[in-house]
Asks: 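The structure is given below, and queries will be raised subsequently.
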Amino acid sequence: MSASRNVVLLGATGSIGENALRILRAHPDKLRLVGASAHRNGDALLAIAKEFDLQRICLTDEDARHEAANKLPNGLKLLGGTEGLDELASTETADVVLVAVVGTAGLSPTLAALSSGKDVALANKEALVTGGKFVVETAEANGACILPTDSEHNAVFQCLGGGPAKQVEKIILTASGGPFLDWSSDRMAKVSPEEALQHPNWSMGPKITVDSATMANKGLEIIEARWLFDMSPEQIEVVIHPQSIVHSLVQFVDGSLIAQLSPPSMTFAIQHALLFPERAPGVDDTVSFTDPLSLDFQPPDVERFPCLRLAREALAEGGVSPATFNAANEVAVAAFLENRIGFPSIAHTIEHSLESMKNREPINLEDLLAADAEARRIASTHAETLTLS
Ligand code: NAD
Ligand code: MG
């Protein structure tokens, strides 16, 4: 890569966003930030705009945007709402858009970026789970690349090495198992949001941390892998690996397994995606073998972690079922974090929503978004019946 690459960072104030900023600071000769967004934290976004000398930013929350509008320095344009995010994602000078917003809010700017021919480094997994077909088709139609940035998918991308897909037997996504890996279902029934937010290895935003505790995260990642690598569901396995050092593996038809290893920091995946196909020194310590290091693997327990089973069922059903799985999960995780429902109610809400939604093949994006809204209504109504007393 000769010239520097212009980057738009959506979700700059989050956990992925902060890690991406560390990479941008480390490689000013290779990467240049040209736009950034946040939802509510206007002051943090303005500080980023100042540090990187930005000309365009976006605050998606209306109140936050009004408040920040009074503090704008000369020459800085403030966009707002979903339309603003889409506009930022299609910034003319941008080469790559890192989508690091959380939830289904990532779908629209991902499509906007791909439609305008930008490569997308996709950390947000909900966009692919909800609208995988539309995202992949939009990328193909516009000659744009999706650079897998979720650590497991980035690992698979690295292991594949661009070789022919027919030589791949299966891909194996690793999962830490989260904070409740060895807990009984009875014990998990009583966990608080504070306990679920204590991830043993990773420091991440609250939604994905709860997703890791229920293992809905790995369910979402199975569906994400289906779209990124065009694999059948049977070709996507999950293995528990509590140390989170092997980020995933690819098994080839001859039986060889190739794995990608690095410490549990997202900077490795983010930097790989942003610089691809170039490599440069990383910003975090590497795996060290000077002390003994054990790597353990075990099969997942779908009885205690029903979200894994539900994600597979949604994927097998196809149509709007993966979007329903995702929407119900988003609703239920928000209710759990607000102490309105218990931990097992997250899986119950997903299961109920999948059973209640009439499945169909979405005819277009509008139809898909209508299904997403309907699934949210079903999930919210059900979550209310599960309210903690
Ligand atoms: P986070 O909650 O820390 O940050 C989310 C970012 O999105 C913030 O900048 C926030 O301002 C913005 N945001 C929130 N709601 C929004 C909305 N409605 N519209 C637009 N922007 C909004 O989340 P995170 O942990 O950084 O995760 C971001 C995405 O990356 C998620 O989809 C997650 O699943 C995925 N991911 C995260 C990690 C990780 O280590 N954190 C790893 C792999 C994948
Ligand atoms: Mg992941």
Asks: Do L128 and I223 pass the side chain to side chain contact (heavy atoms under 4.5 Å, CB included) test, and can you show the C-alpha distance, the side-chain angles, and the key distance before you say yes or no?
Replies: CA-CA 8 Å; L128 272 179; I223 303 171; over 6 Å; no
Asks: Has the side chain of Q243 got a donor or acceptor atom that lies under 3.5 Å from a matching backbone atom of D296?
Replies: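 A pair under 3.5 Å: yes.
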Asks: Examine distances only and state if a side-chain atom of E126 and a backbone atom of V101 form a donor-acceptor pair shorter than 3.5 Å.
Replies: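 Side chain of E126 to backbone of V101, a donor-acceptor pair under 3.5 Å: no, none is there.
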Asks: Is there a side-chain contact between V302 and R312 in this structure, where contact means two heavy atoms from C-beta onward sitting under 4.5 Å apart?
Replies: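 Sidechains of R312 and V302: no contact.
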Asks: Which heavy atom of A189 sits nearest to which heavy atom of P344, and what is that distance?
Replies: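 Taking every non-hydrogen atom into account, CA-CG, 3.5 Å.
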Asks: Any side-chain heavy-atom pair from L114 and I146 closer than 4.5 angstrom?
Replies: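 Contact flag for L114/I146 side chains = yes.
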Asks: Going by atom types only, do N326 and T104 share a side-chain donor-acceptor pair under 3.5 Å?
Replies: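 Yes, side-chain donor-acceptor contact under 3.5 Å.
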Asks: With no hydrogens and no angle check, just 3.5 Å: does a side-chain donor-acceptor pair link H382 and S353?
Replies: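 On atom types as modelled, these side chains do not qualify, holding no pair under 3.5 Å.
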Asks: Of all residues at least two apart in sequence or in a different chain, which pass the side chain to side chain donor-acceptor pair (under 3.5 Å) check with E355?
Replies: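 So E355 forms no side chain to side chain donor-acceptor pair (under 3.5 Å) with any residue.
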Asks: Under the salt bridge (Lys or Arg N to Asp or Glu O under 4.0 Å) rule, collect the residues that match up with E195, sequence neighbours excluded.
Replies: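 Salt bridge (Lys or Arg N to Asp or Glu O under 4.0 Å) list for E195, sorted by chain: empty.
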Asks: Counting only heavy atoms not in E92 (residues, nucleotides, ligands), do more than 12 fall under 6.0 Å from its CD?
Replies: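 Atom CD in E92 is not packed in, count stays at 12 or less.
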Asks: Should the heavy atoms of other residues, nucleotides or ligands under 6.0 Å from NE2 of H348 be counted, would the total exceed 12?
Replies: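 Counting other residues, nucleotides and ligands, NE2 of H348 stays at 12 neighbours or fewer.
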Asks: Are V239 and I171 grouped together when hydrophobic residues (ILVMFWY) are joined by side-chain heavy atoms under 4.5 angstrom apart?
Replies: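 Result: no, two separate clusters.
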Asks: Between Q198 and P179, which heavy-atom pair has the shortest distance, and what is it?
Replies: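 Smallest interatomic distance, heavy atoms only, reads O-CB, 3.3 Å.
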Asks: Under 3.5 Å, side chain of T149 to main-chain N/O of L147, donor-acceptor pair present?
Replies: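 Yes.
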Asks: Output every pair passing ring pair (Phe, Tyr, Trp, His ring centres under 6.0 Å) with a member in residues 158-198, not counting sequence neighbours, ordered by first then second residue.
Replies: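 Applying ring pair (Phe, Tyr, Trp, His ring centres under 6.0 Å) to every pair that reaches into residues 158-198, excluding sequence neighbours, yields F180-W183, F180-F343.
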Asks: Before giving the answer on side chain to side chain contact (heavy atoms under 4.5 Å, CB included), spell out for V331 and I378 the whole-Å C-alpha distance, their side-chain angles and the decisive distance to 0.1 Å.
Replies: CA-CA 10 Å; V331 168; I378 292 171; over 6 Å; no
Asks: Evaluate the side-chain proximity of M215 to I240: yes if any heavy-atom separation is below 4.5 Å, no if none is.
Replies: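 Yes - at least one pair of side-chain heavy atoms lies under 4.5 Å apart.
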Asks: Do L257 and V246 belong to the same hydrophobic cluster, where Ile, Leu, Val, Met, Phe, Trp and Tyr are linked whenever their side-chain heavy atoms lie under 4.5 Å apart, directly or via other members?
Replies: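 Cluster IDs for L257 and V246 match.
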Asks: Please determine whether side chain to side chain contact (heavy atoms under 4.5 Å, CB included) holds for the pair S151 and M266, giving the CA-CA distance in whole Å, both sets of side-chain angles, and the decisive distance to 0.1 Å.
Replies: CA-CA 7 Å; S151 55; M266 286 304 294; 3.8 Å; yes
Asks: May I ask you to say whether E374 pairs ionically with R377, meaning some side-chain N is under 4.0 Å from a carboxylate O?
Replies: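 Looking at R377 together with E374, the answer is no, because their closest N to O distance does not fall below 4.0 Å.
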Asks: With sequence neighbours excluded, tell me which residues meet salt bridge (Lys or Arg N to Asp or Glu O under 4.0 Å) with E224.
Replies: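 None.
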Asks: Is the number of heavy atoms from other residues, nucleotides or ligands within 6.0 Å of NZ (K71) greater than 12?
Replies: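 Yes, enclosed.
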Asks: For K125 and N217, which I'm curious about, is there any donor-acceptor pair between the side chains at under 3.5 Å?
Replies: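 Yes - a donor-acceptor pair under 3.5 Å links their side chains.
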Asks: Assess, by modelled atom type and distance only, whether the side chains of S176 and N201 contain a donor and an acceptor separated by less than 3.5 Å.
Replies: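 Not at all, the side chains of S176 and N201 share no donor-acceptor pair under 3.5 Å.
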Asks: Should L181 and Q298 be marked as a side chain to side chain contact (heavy atoms under 4.5 Å, CB included) after you check the CA-CA gap, both sets of side-chain angles, and the distance that decides it?
Replies: CA-CA 11 Å; L181 175 58; Q298 65 188 68; 4.3 Å; yes
Asks: To the nearest 0.5 Å, tell me how far S321 OG sits from E361 CD.
Replies: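 Reported value, rounded in 0.5 Å steps: 9.5 Å.
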Asks: Holding to salt bridge (Lys or Arg N to Asp or Glu O under 4.0 Å), I want the full list of residues that pass it with K218, two or more places apart in sequence or in another chain.
Replies: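 Counting only residues at least two positions away or on another chain, K218 forms a salt bridge (Lys or Arg N to Asp or Glu O under 4.0 Å) with E152, E221.
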Asks: Restricting to pairs with a member in residues 287-332, which pass ring pair (Phe, Tyr, Trp, His ring centres under 6.0 Å), not counting sequence neighbours?
Replies: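 Every ring pair (Phe, Tyr, Trp, His ring centres under 6.0 Å) pair that includes a residue of residues 287-332, provided the two are not neighbours, is H241-F297.
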Asks: With side chains defined as the heavy atoms from C-beta onward, is the minimum distance between L368 and K133 less than 4.5 Å?
Replies: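 No, side chains not in contact.
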Asks: Closest approach of S90 and K118, non-hydrogen atoms and distance?
Replies: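 Scanning both residues completely, I find the closest heavy atoms to be O-CE, 3.8 Å.
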Asks: Are L220 and I222 connected in the hydrophobic side-chain network, where two residues link if heavy atoms are under 4.5 Å apart?
Replies: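 Yes; I222 is reachable from L220 via cluster members.
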Asks: Less than 4.5 Å apart, side chain to side chain, heavy atoms only: is that true for H247 and S262?
Replies: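 Counting from C-beta outward, H247 and S262 do come under 4.5 Å.
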Asks: For the pair D119 (side chain) and C145 (backbone), establish whether a donor and an acceptor sit closer than 3.5 Å, ignoring hydrogens and angles.
Replies: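 Yes.
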Asks: Identify, with sequence neighbours excluded, every residue that meets salt bridge (Lys or Arg N to Asp or Glu O under 4.0 Å) alongside R25.
Replies: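 Applying salt bridge (Lys or Arg N to Asp or Glu O under 4.0 Å) to R25 gives E51.
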Asks: Applying side chain to side chain contact (heavy atoms under 4.5 Å, CB included), can you list everything that pairs with A44, at least two apart in sequence or on another chain?
Replies: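 Checked A44 against side chain to side chain contact (heavy atoms under 4.5 Å, CB included); matches are T13, N41.
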Asks: Can you name the side chain to side chain contact (heavy atoms under 4.5 Å, CB included) partners of K77, sequence neighbours left out?
Replies: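 With neighbours one apart ignored, the set is R56, L79, E87.
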Asks: How close do L274 and A121 get, counting heavy atoms only, and between which atoms?
Replies: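 L274 and A121 have their closest heavy atoms at CD2-CB, 4.2 Å.
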Asks: Give a yes or no on whether the backbone of M188 and the side-chain of R304 come within a donor-acceptor separation of less than 3.5 Å.
Replies: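 No; judged by distance alone, with no hydrogens or angles, the pair does not exist.
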Asks: Taking atom CZ of R309 as the centre, does the number of heavy atoms from other residues, nucleotides or ligands within less than 6.0 Å exceed 12?
Replies: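 Atom CZ in R309 is crowded, with more than 12 foreign heavy atoms closer than 6.0 Å.
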Asks: Apart from V102 itself, what residues make up its hydrophobic cluster, given side-chain heavy atom links below 4.5 Å?
Replies: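 Its cluster partners, ordered by chain and number, are none at all.
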Asks: State, to 0.1 Å, how close I350 and A328 come at their nearest heavy-atom pair, and which atoms those are.
Replies: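 Shortest heavy-atom separation between I350 and A328 comes out as CA-CB, 3.8 Å.
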Asks: Under the side chain to side chain donor-acceptor pair (under 3.5 Å) test, which residues partner N154, sequence neighbours left out?
Replies: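 Counting only residues at least two positions away or on another chain, N154 forms a side chain to side chain donor-acceptor pair (under 3.5 Å) with Q158, H272.
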Asks: Counting heavy atoms not belonging to E62, are there more than 12 under 6.0 Å from its CD?
Replies: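 Yes, because the 6.0 Å sphere around CD of E62 holds more than 12 heavy atoms from other groups.
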Asks: Please say yes or no: joined through hydrophobic side-chain contacts below 4.5 Å, possibly via intermediate residues, are F268 and V96 part of one cluster?
Replies: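 Per the 4.5 Å side-chain linkage, F268 and V96 are not co-clustered.
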Asks: Would you please name every residue forming a side chain to side chain donor-acceptor pair (under 3.5 Å) with N329, sequence neighbours left out?
Replies: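 N329: side chain to side chain donor-acceptor pair (under 3.5 Å) contacts with D211.
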Asks: Around atom CD of E366, are there more than 12 heavy atoms from other residues, nucleotides or ligands closer than 6.0 Å?
Replies: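 Counting neighbours around CD of E366, 12 or fewer heavy atoms of other residues, nucleotides or ligands fall under 6.0 Å, so no.
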Asks: Within the structure provided, determine whether C159 and L249 are in side-chain contact (heavy-atom separation under 4.5 Å).
Replies: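 Answer no - side chains too far apart.
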Asks: Between L88 and L72, is there a shared hydrophobic cluster once you connect ILVMFWY residues whose side-chain heavy atoms come closer than 4.5 Å?
Replies: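 Yes; tracing contacts between hydrophobic side chains, which count when under 4.5 Å, links both residues.
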Asks: Donor-acceptor check, side chain of Q167 to backbone of P164, threshold 3.5 angstrom: yes or no?
Replies: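 Not confirmed, Q167 side chain does not pair with P164 backbone.
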Asks: Would you give the length of the straight line joining atom CG of L10 to atom OG1 of T60, rounded to the nearest 0.5 angstrom?
Replies: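 L10 atom CG to T60 atom OG1 measures 9.5 Å (nearest 0.5 Å).
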Asks: With distance as the sole test, does S37 use its side chain to make a donor-acceptor pair with the main-chain N or O of G11 at under 3.5 Å?
Replies: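 The answer is yes, because a donor-acceptor pair under 3.5 Å joins these two groups.
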Asks: Output yes when a side-chain donor or acceptor of D61 lies under 3.5 Å from a complementary backbone atom of A64, and no otherwise.
Replies: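 Yes; judged by distance alone, with no hydrogens or angles, the pair exists.
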Asks: Roughly how far apart are E169 CD and Q235 CD, rounded to 0.5 Å?
Replies: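 So the gap between those two atoms works out to 7.5 Å.
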Asks: Minimum heavy-atom separation for L107 to G131, with atom names?
Replies: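 For L107 and G131, the tightest heavy-atom pair comes out as CD1-CA, 4.2 Å.
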Asks: Between H27 (side chain only) and K30 (backbone N and O only), is there a donor and an acceptor less than 3.5 Å apart?
Replies: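 No.
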Asks: Examine distances only and state if a side-chain atom of S15 and a backbone atom of S203 form a donor-acceptor pair shorter than 3.5 Å.
Replies: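 Side chain of S15 to backbone of S203, a donor-acceptor pair under 3.5 Å: yes, one is there.
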